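Since this is a predicted model, take the numbers as computed values, not measurements. For ligands, and for the atoms within them, numbers begin at 1 and follow the listed sequence.
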Amino acid sequence: MSFSSFSSLRSNLVMLALFVAAGLVATQRTCAQQQVVLLRGVRLIDGTGAPPREHVSLLLRDGRIEKVGETMVVPPGTQVRELSGKTVMPGLISAHSHLGLIVDDAESSATGYTRENVSAQLKQFERYGVTTIMSLGVNRDLVYELKKEQKEGKLDGATIFTAGRGIGVPGGAPGLQAAADQIYRPATVAEARKDVDELAARHADMVKIWVDKGHGSMPEMTPEIYKAVIDEAHKQKLRVAAHEYALEDAKQLVVDDVDVLAHSVRDQVVDDAFIQSMKQHKVWYVPTFTVDESFFVYAGRPDFMQSPFFQQAAGPKLMAKFDAPGYAEKVNQDPQTEQHRKDFAVGQQNLKKLFDAGVSVGFGTDSGALPGRIPGFAEHHELELMVQAGLTPMQAITTATGDNAKLLHLTDRGTVAAGKRADLLILDADPLVDIHNTQKIFAVYHDGRSIADLPVN
Ligand SMILES: [Zn+2]
């Protein structure tokens, strides 16, 4: 045998091996996709805000909901799950979370945006029934690779949408620890427009800006810069979400055509002029109570900190920080703690006022931005905080499902209906009776797949 024929035989064998391997992978994935599952006899909260329906069955096929009905013919080969007494609702959607900013669940890090760390966080969101997240800025460009891999079915975890790096201020917000390639900080209008064009070229899903002077401690993004960002983003068919804090900034951003306010207004109670302006400009409002509450709540050792549901999400290193001697004293003696408490209370008042006036309210937590804003747990806790602010459980759930899909322009999810993605939370108890029951997770389906390793409730 000549060397060339040997080498061609070898390359044929390699090709054959690759072909077989590819065939196996394809078969495995096809099997997973084609598994047909019937969830029978549930109470259904469909994410539209409609009253719950009883004794409903859902047929899932190829990652989608094929049928929703009271009686149903069971196709041969269907896996039937008898679920009477359980409640099914859409998987949660967070319109404001972050990835790769915390390492070991416990420390902020400028070097945490790694494939390994981000993947682990995506899996934690998914395990807790948060099946879709908008990673709203401070992402490395790795995020676009991960998104692509998810589309190809090669990466598990919550489905990512992203604002890419986001646009901050030189020497100003965001004050988060991040590498230089995780954030744009344009000094001029021309740079700002160039940064937006780069986001558009990379197919970011949204543009994030920070408009906050940190109680006078930081330079603030000028209206000249953010107007340019908003204008350029809209030219590129991208919408703009703003981090803001103060009513005055929020008012100006709304007039200047921002699309989403990504935090509560919380320096003061909102006025009617602002409410009217929000409605007139059709701007979405995402409260993120977790931001303020996470600065002080753990010092008070609330009961939920004893639950495995919380502790599994927090992880041992963060738990050790909370349990360390002097933790509560340090928080309570911090001069900023009183401010955070006030901000939280004003934010709660503002949500109720804006919601009742008919402003479009979405759902987010800022989970993953700092330790204590705990991916997965934060979303369930945020629902409780919205109810504490005066929304009904149904209203809170709808912001985090059907309404958030509208906010993010995602027509394929957020509600339970034929044709939608099979992203579902199955609960042991009814969250309309007690919103805390969203934490009683029996099962999570994401893209029609049952997620293992559920958090203990
Ligand atoms: Zn954020």
Side-chain angles (χ1 to χ4, degrees), residues 92-103 105 108-110 112-113 117-118 121-122 124-125 130 132-140 143 158 160-169 172-179 182-185 199 204-214 218 220-221 226 229 239-246 249-250 253 258-266 283-295 340 343-344 347 351 361-379 381-382 385 399-400 404 407-408:
L92 297 171
I93 300 171
S94 172
H96 188 164
S97 288
H98 293 279
L99 295 168
L101 302 179
I102 302 167
V103 291
D105 304 319
S108 293
S109 169
Y113 210 102
N117 195 28
V118 170
Q121 289 168 359
L122 290 170
Q124 178 157 318
F125 277 117
V130 184
T132 299
I133 63 150
M134 166 59 78
S135 183
L136 201 59
V138 206
N139 296 278
R140 287 181 57 217
V143 76
I160 314 167
F161 291 86
T162 186
R165 299 184 190 189
I167 298 179
V169 183
L176 299 166
Q177 288 191 42
Q182 274 176 272
I183 180 91
Y184 298 111
R185 297 188 188 272
L199 285 166
D205 300 291
M206 204 172 247
V207 174
K208 169 76 177 284
I209 56 175
W210 281 261
V211 181
D212 187 351
K213 56 178 176 288
M218 304 184 289
E220 190 174 25
M221 185 178 283
Y226 70 66
V229 169
R239 293 177 307 142
V240 179
H243 162 115
E244 38 48 59
Y245 167 82
D249 290 334
L253 283 160
V258 80
D259 301 283
V260 180
L261 296 179
H263 290 296
S264 303
V265 170
R266 54 209 194 278
V283 176
W284 284 88
Y285 183 84
V286 179
T288 67
F289 294 136
T290 296
V291 168
D292 305 299
E293 205 219 25
S294 63
F295 285 114
H340 294 309
D343 292 347
F344 176 66
L351 172 64
V361 171
F363 174 88
T365 54
D366 210 27
S367 54
L370 287 173
R373 302 178 193 171
I374 301 165
F377 174 80
E379 283 68 27
H381 189 59
E382 183 82 18
L385 296 178
T399 67
N404 243 11
L407 186 163
L408 294 172

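Gln177 CD to Ile102 CD1: the interatomic distance, rounded to the nearest 0.5 Å, is 11.0 Å. Summarising the geometry, atom CD belonging to Glu244 is positioned 13.0 Å from atom CE belonging to Met221; distances are rounded to the nearest 0.5 Å.
Partners of Glu379 by side chain to side chain contact (heavy atoms under 4.5 Å, CB included), not counting sequence neighbours, listed by chain and number: Leu92, Ser94, Ser97, Phe125, Val130, Phe363, Thr365, Ser367.
Taking 2.8 Å as the limit, the number of protein N, O or S atoms around the Zn ion (ligand 1) is 3.
Here the shortest heavy-atom pairing between Ser264 and Phe289 reads OG-CE2, 3.9 Å.
No hydrogens or angles considered: a donor-acceptor pair under 3.5 Å links the side chains of Asp366 and His96.
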Audit row: Val265, Tyr285, side chain to side chain contact (heavy atoms under 4.5 Å, CB included) steps and yes/no: CA-CA 9 Å; Val265 170; Tyr285 183 84; 4.2 Å; yes
